[in-house]
Colleague: 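Attaching a single structure in structure tokens format; questions to follow.
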Amino acid sequence: HEDAKYLIKKKIMEGDKRLFLVSDVSSLWQYEKLKRDLVENVAHELKTPLSAVTLLLERAAKECPSSFAIHRALHRLQQMEKLIDDMLILARLESGVERLHLTEIHLREFLQDVYYQLREEFEKAKVNFENLVDESFVLVADENKLYLILRNLLENAVRYNREGGSVRVRGWKEGQMAVVEVSDTGIGIPKEHIPFIFDRFYRVDKGRSRDRGGTGLGLSIVRNAVRLHGGSIELQSEVGKGSTFRIYIPQSI
Ligand code: ADP
């Protein structure tokens, strides 16, 4: 039928004959759509009262600027809003509805914009940002998705860093791949956690992540956005020394 979705599972070539194994994935597609619609509806329903309560608390904060409880409550609401936004982003990336809009991106400049959005976090944590990307380095990627990738990687690189530490970004080409590397001088990730680190809501230290404003969805968003480009991600880490995330994005899609 019209809405049916098919996936070519196998292509066998024998001389001048070709055999295709095609499977009907309509029900899977419908299930993904249902999941996405549900997340979107729930997110919307949660955001309306959340904005109303935020507004009321902001008014209360003006009347009682020294109330610790009100400021804590506002902070918690901000975290909730971030969680809802991240859930929405992830649901869209996972559902297969997202299309790639590829453009040429000047990475050095682009990174400066991402850094600018996070400058307060860098300053608060006393972490230095080193943009080592060559002025002339250009890569082909989807701008919005590259933003999600870099924002989440940089946020983590600050969040799990140490005072006086640094975050370094490099970019280069390897054959048909553009490589972007984000490395930090932070706490590192114990080996046994590395295989799970990209799973949603997986955290090495739940308390620490939440205290530092994490939702537990950042790296899942990164992995999905990289995969949408047909790329891959690598991680090297040493406890107490730091972590290096490397993303590979094919340049001939
Ligand atoms: P969160 O919102 O908790 O940061 P993420 O999905 O972004 O969620 O990351 C998952 C977990 O991986 C984090 O809770 C943290 O334990 C670990 N992690 C991610 N990035 C780093 C990093 N640069 N250095 C150390 N640990 C990290």
Side-chain angles (χ1 to χ4, degrees), residues 39 43 46 75-94 111 114-115 117-133 144-171 179-229 231-248:
V39 174
L46 285 173
H75 179 66
R76 284 292 191 185
L77 286 178
Q78 266 169 14
Q79 280 186 332
M80 244 165 104
E81 201 175 346
K82 187 160 191 301
L83 176 61
I84 294 170
D85 288 341
D86 276 359
M87 272 167 57
L88 268 172
I89 290 169
L90 191 60
R92 290 196 69 82
L93 286 174
E94 282 184 338
L111 264 169
V114 183
Y115 167 68
Q117 303 281 323
L118 297 171
R119 218 175 48 183
E120 236 174 77
E121 271 99 321
F122 272 88
E123 277 166 11
K124 239 192 251 162
K126 298 197 172 64
V127 171
N128 304 305
F129 178 62
E130 296 175 33
N131 185 349
L132 302 179
V133 178
N144 294 333
K145 284 160 199 92
L146 187 67
Y147 178 79
L148 289 174
I149 294 168
L150 294 175
R151 186 183 168 114
N152 279 296
L153 289 179
L154 289 188
E155 265 182 334
N156 282 344
V158 180
R159 187 175 292 144
Y160 305 106
N161 219 312
R162 58 173 166 82
E163 210 180 293
S166 61
V167 176
R168 213 166 271 156
V169 188
R170 292 193 175 90
V179 189
V180 184
E181 182 188 272
V182 178
S183 55
D184 65 64
T185 55
I187 59 174
I189 302 164
K191 249 198 188 81
E192 64 272 23
H193 291 280
I194 289 182
F196 312 107
I197 214 84
F198 295 95
D199 295 350
R200 59 185 107 134
F201 295 119
Y202 190 87
R203 287 129 153 171
V204 174
D205 180 342
K206 245 191 164 69
R208 188 170 201 157
S209 155
R210 209 175 283 129
D211 286 349
R212 297 181 182 202
T215 62
L217 294 177
L219 287 182
S220 309
I221 291 174
V222 170
R223 180 171 63 180
N224 276 282
V226 171
R227 278 191 180 162
L228 243 141
H229 286 87
S232 59
I233 183 158
E234 273 177 12
L235 161 62
Q236 276 172 2
S237 190
E238 204 175 320
V239 173
K241 285 223 164 133
S243 310
T244 298
F245 289 83
R246 223 176 247 183
I247 59 160
Y248 291 82

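Just follow the structure's listing: the first ligand is 1, and inside any ligand the first atom is 1. This is a predicted model, so every value here is computed, not measured. In this chain, numbering begins with 1 at the start of the sequence shown.
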Colleague: If you take all heavy atoms of G218 and N152, which pair is closest and at what distance?
Modeller: CA-OD1, 3.5 Å
Colleague: Considering V182, L219, I197, which one's heavy-atom position lies nearest to atom 5 (P) of ligand 1?
Modeller: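 Among V182, L219, I197, the closest heavy atom to atom 5 (P) of ligand 1 belongs to L219.
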Colleague: Quick one about R227 and N224 (side-chain donor to acceptor, distance below 3.5 Å, no hydrogens or angles considered), yes or no?
Modeller: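 Not at all, the side chains of N224 and R227 share no donor-acceptor pair under 3.5 Å.
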Colleague: Is it the side chain, the backbone, both or neither of E155 that has a heavy atom closer than 4.0 Å to ligand 1?
Modeller: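 Neither part.
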Colleague: Take every heavy atom of F198, measure it against each atom of ligand 1, and state whether any distance is under 4.0 Å.
Modeller: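 The answer is no: ligand 1 sits nowhere under 4.0 Å from a heavy atom of F198.
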Colleague: Touching ligand 1 at all, N152? Heavy atoms, strictly under 4.0 Å?
Modeller: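 No.
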Colleague: Flag the pair K145 / L93 as yes when at least one side-chain heavy-atom distance between them is below 4.5 Å, and no otherwise.
Modeller: yes
Colleague: Would you mind checking which non-hydrogen protein atom is closest to atom 14 (O) of ligand 1, with the distance to 0.1 Å?
Modeller: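 Result for atom 14 (O) of ligand 1: R203 CG, 3.0 Å.
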Colleague: Checking a contact table here: which protein heavy atom is nearest atom 3 (O) of ligand 1, and how many Å away?
Modeller: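 Answer for atom 3 (O) of ligand 1: S209 OG, 2.4 Å.
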Colleague: Could you check atom 11 (C) of ligand 1 against the protein and tell me its nearest heavy-atom contact, residue, atom and distance included?
Modeller: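 Nearest neighbour among protein heavy atoms for atom 11 (C) of ligand 1, to 0.1 Å: Y202 O, 3.5 Å.
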Colleague: What atoms in ligand 1 come closer than 4.0 Å to a heavy atom of T215?
Modeller: 2 (O)
Colleague: Considering all heavy atoms of both residues, which atom of N128 and which atom of F122 are nearest to each other, and what is their separation?
Modeller: O-CE2, 4.1 Å
Colleague: Which value, rounded to the nearest 0.5 Å, describes the distance between F201 atom CZ and D86 atom CG?
Modeller: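 The CG atom of D86 is 9.0 Å from CZ of F201, to the nearest 0.5 Å.
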Colleague: Under 4.0 Å from a heavy atom of G188: which atoms of ligand 1 are those, numbered in the order shown and with their elements?
Modeller: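 With G188 as reference, the close atoms of ligand 1 come out as 25 (C).
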Colleague: Around atom CD of E120, are there more than 12 heavy atoms of other residues, nucleotides or ligands at under 6.0 Å?
Modeller: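 It does not: E120 CD has 12 such atoms or fewer within range.
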Colleague: What residue and atom, counting heavy atoms only, is the protein's closest point to atom 23 (N) of ligand 1, and at what distance?
Modeller: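 Residue, atom and distance for the closest contact: D184 OD2, 2.9 Å.
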Colleague: Give the residue, atom name and distance (to 0.1 Å) of the protein heavy atom nearest atom 21 (C) of ligand 1.
Modeller: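 Heavy-atom neighbour on the protein nearest atom 21 (C) of ligand 1: Y160 CD1, 3.5 Å.
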Colleague: Hey, is G216 one of the residues with a heavy atom under 4.0 angstrom from ligand 1?
Modeller: yes
Colleague: Answer yes or no: does atom NZ of K82 have more than 12 heavy-atom neighbours from other residues, nucleotides or ligands under 6.0 Å?
Modeller: yes
Colleague: Just so I know, are the side chains of F129 and L154 near enough to count as touching, which here means a heavy-atom distance under 4.5 Å?
Modeller: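 Sidechains of L154 and F129: in contact.
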Colleague: Could you tell me whether I189 approaches ligand 1 through its side chain, its backbone, both or neither, with non-hydrogen atoms closer than 4.0 Å?
Modeller: side chain
Colleague: Evaluate the side-chain proximity of Q117 to V114: yes if any heavy-atom separation is below 4.5 Å, no if none is.
Modeller: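 In short, these two side chains do not touch, never coming nearer than 4.5 Å.
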Colleague: R159 heavy atoms, cut-off 4.0 Å: which ligand 1 atoms fall inside?
Modeller: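 Going through ligand 1 atom by atom, the ones under 4.0 Å from R159 are 1 (P), 2 (O), 4 (O).
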Colleague: Can you name the side chain to side chain donor-acceptor pair (under 3.5 Å) partners of R168, sequence neighbours left out?
Modeller: E130
Colleague: Select one of side chain, backbone, both or neither to describe which atoms of L153 lie under 4.0 Å from any atom of ligand 1, heavy atoms only.
Modeller: neither
Colleague: Heavy-atom contacts with G218 under 4.0 Å: which atoms of ligand 1 show up? List them by number with element.
Modeller: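 Under 4.0 Å from G218, ligand 1 has these atoms: 5 (P), 6 (O), 7 (O).
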Colleague: Among all protein heavy atoms, pick out the one at the shortest distance from atom 16 (O) of ligand 1; state its residue, atom name and that distance to 0.1 Å.
Modeller: V204 N, 3.1 Å
Colleague: Among all the protein's non-hydrogen atoms, which is closest to atom 7 (O) of ligand 1, and how far away is it?
Modeller: N156 ND2, 2.8 Å
Colleague: Name all residues meeting the ring-ring contact (aromatic ring centres under 6.0 Å, His included) criterion together with F196; count only those two or more places apart in sequence or in a different chain, and write none if there are none.
Modeller: Y202
Colleague: Hey, are the side chains of L153 and L219 touching, using non-hydrogen atoms and a 4.5 Å cut-off?
Modeller: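 Yes, their side chains come closer than 4.5 Å.
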Colleague: Should you measure from each heavy atom of F245, which atoms of ligand 1 turn up under 4.0 Å away?
Modeller: 20 (N), 23 (N)
